[in-house]
Participant: 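Got a structure for you, questions after.
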Amino acid sequence: MANNEELFKKIVAHAKEYGFIFPSSEIYDGLAAVYDYAQYGVELKNNIKQYWWKAMVQYHENIVGIDSAIFMHPKIWEASGHVSAFNDPLIDNKDSKKRYRADVLVEDYIQKIEDKINKEVEKAKKRFENFDETLYRQTNQRVVDYQKKIDDVSSRLAKLLNDNDLVGLRDLIIELEIACPISGTRNWTDVRQFNLMFATKIGSLSDGADTIYLRPETAQGIFVNFLNVYKTGRMKVPFGIAQIGKAFRNEIVARQFIFRMREFEQMEMQFFVRPGEELKWFNYWKEERMKWHLALGMGEKSYRFHDHEKLAHYANAATDIEFDFPFGFKELEGIHSRTDFDLSQHEKFSGKKLRYFDPETNESYVPYVIETSIGVDRMFLSVLSHSYEEQTLEDGSVRTVLHLPAMLAPIKVAVLPLVKKDGMAEKATEIANMLRKEMMCQYDEKDAIGRRYRRQDAIGTPYCVTVDSQTMEDNTVTIRERDSMKQYRVAIDQLVNSLKF
Ligand code: GAP
């Protein structure tokens, strides 16, 4: 899907026009990087959460869920390292007074070179028959040089970030002659660190008030409940604790619609294992999570692993599952082997033992942890962008259709009387009321049938059921499938069984 700006704009517009996502506080001109889920958006989002919860909690005997509070003791964020190290490197342009993430300026620079490579490839594709893209990328001198530049800048950026070398980061921006997109100048300030956590005060008196944070990840709510769940759930290692909930980050560069937001939702699972067995379980979860994505049927080509070469100090393995968004491959989910870092830190800061007694080895230890962490909103965007199609039909007309995986579709079926006479509307209402008990169902009698089909296509409804004059005679209806647009008749009493999700 690589870098398709036009397509992405259409998807964002579609999400608003068809009631999936609205900008927050729109009548007050909006609030940057905050969005509201609308009537269809909330259904799709809930279905995504349910699909994850089922796969993680319901289908695994050794994984249980929790729902911890957003507010937590402020010491938690000291223990986890978020107070001291959850920072973004920021740089200001002195002429435009605009603030940027220094690493993002360099990433944008890299993206521009990638765009150049893609253009070369597209041109060559048109020029040669039997075009071998891999060979072309390996042998075309211009492409090879571009790629070398990308690799060089990427590895220098990774090292600078890893070493927390803010001076070096500024030097790299100057060396690459990166200019402010607004002022066009290279008049940059020093790079400074900026903490991403939102702070607020708890307590009614400002004297006694204490600074607390809106959680920047749900994971810590799991770690601090480890002992409670292990004891009350009589859990045996290896076991997992899963949670879905809101997280907040004061992202400076919040962009690409719901890809990077200031308030978002995460689906995280921490899997507690015996020390020494963590890499085995890391590989297990890598595979399991990819299988979960692939089961949605959005194609193997849409995903890739990005194994981390540079690891956070507490991790001994990490990978991202990246998705091919309209703006290129980007992180959708992170899988990390976090060692015993978090539990050990909480032991230290709380003074409480967070140990597991292993009846098989008669040992007590701090378990190691494999984490799987995926953003609900990013998952939503991956599904929405992959499903969107402007399809030219045989008669030359164009329909906009969302090929949503049926189990995630907000509305599963629409019931439509062909015309509003001869009792068809009443019959269709009766059928809709019957279906409503089983699934999300919509009744629509307004406008010509073709337009009603298009409306359902645009919100991704997998099936339309049409009531026509034959229905009144033999109690059969027409089912129309969204993707193939094929139609077939079934008896009303077979209807529920005929709709497959
Ligand atoms: N507990 C680990 C953790 O929070 P992360 O890579 O910072 O790791 C995990 O976040 C996932 O949360 C990401 O893969 C992404 O899907 C989602 N995510 C992170 N920041 C986000 C943001 N600002 N807006 C939307 N989703 C975000």
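Just follow the structure's listing: the first ligand is 1, and inside any ligand the first atom is 1.
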Participant: With respect to atom 22 (C) of ligand 1, which of His336, Lys330, Met261, Glu268 exhibits the smallest heavy-atom separation?
Facilitator: Met261

Participant: Report, in ascending order of atom number, the atoms of ligand 1 lying under 4.0 Å from any heavy atom of Glu217.
Facilitator: 1 (N), 2 (C), 3 (C), 4 (O)

Participant: Identify whether the distance between the nearest side-chain nitrogen and carboxylate oxygen of Glu263 and Lys246 falls below 4.0 Å.
Facilitator: yes

Participant: For atom 26 (N) of ligand 1, what is the nearest protein heavy atom, given as residue, atom name and distance?
Facilitator: Phe264 CD1, 3.5 Å

Participant: Within a reach of under 6.0 Å around NZ of Lys49, are more than 12 heavy atoms found that belong to other residues, nucleotides or ligands?
Facilitator: yes

Participant: Which residue and atom name correspond to the protein heavy atom nearest atom 7 (O) of ligand 1, and how close is it?
Facilitator: Arg249 NH1, 2.8 Å

Participant: In sequence, state the C-alpha distance, the side-chain angles, and the governing distance for Glu61 and Lys236, and then conclude on salt bridge (Lys or Arg N to Asp or Glu O under 4.0 Å).
Facilitator: CA-CA 11 Å; Glu61 200 183 2; Lys236 284 202 181 71; over 6 Å; no

Participant: Starting from atom 15 (C) of ligand 1, which protein heavy atom do you reach first, and at what distance in Å?
Facilitator: Arg378 NH1, 3.5 Å

Participant: Measure up the Tyr230 and Tyr356 rings against each other and bin them: parallel (under 30°), tilted (30 to 60°), perpendicular (over 60°).
Facilitator: tilted

Participant: Quick test: of every protein heavy atom, which one is nearest to atom 25 (C) of ligand 1, and how far off is it to 0.1 Å?
Facilitator: Phe259 O, 3.2 Å

Participant: Out of Glu371, Glu333, Met379, Glu331, who gets a non-hydrogen atom closest to atom 14 (O) of ligand 1?
Facilitator: Glu331

Participant: Heavy atom to atom 8 (O) of ligand 1, shortest distance: which of Ser373, Pro216, Ser382, Gly375 holds it?
Facilitator: Ser373

Participant: Working to the nearest 0.5 Å, report the span between CD of Glu288 and NE2 of His293.
Facilitator: 11.5 Å

Participant: Look only at interatomic distance and state if Leu332 has a nitrogen or oxygen under 3.5 Å from any nitrogen or oxygen of ligand 1.
Facilitator: yes

Participant: Take Tyr18 and Tyr40 through the test ring-ring contact (aromatic ring centres under 6.0 Å, His included) and record every step on the way to the result.
Facilitator: CA-CA 8 Å; Tyr18 284 91; Tyr40 299 126; 8.6 Å; no

Participant: Which distance, rounded to the nearest 0.5 Å, do you find between the CZ of Arg101 and the CG of Leu90?
Facilitator: 8.5 Å

Participant: One thing to verify: whether Asp307 and Lys286 come together as a salt bridge, which I'm taking to mean a side-chain N less than 4.0 angstrom from a carboxylate O.
Facilitator: yes

Participant: Students should be able to answer this: which protein heavy-atom is nearest to atom 10 (O) of ligand 1, and at what distance?
Facilitator: Gln266 NE2, 3.4 Å

Participant: I'd like to know if Asp377 contacts ligand 1, where contact means a heavy-atom distance under 4.0 Å to any ligand atom.
Facilitator: no

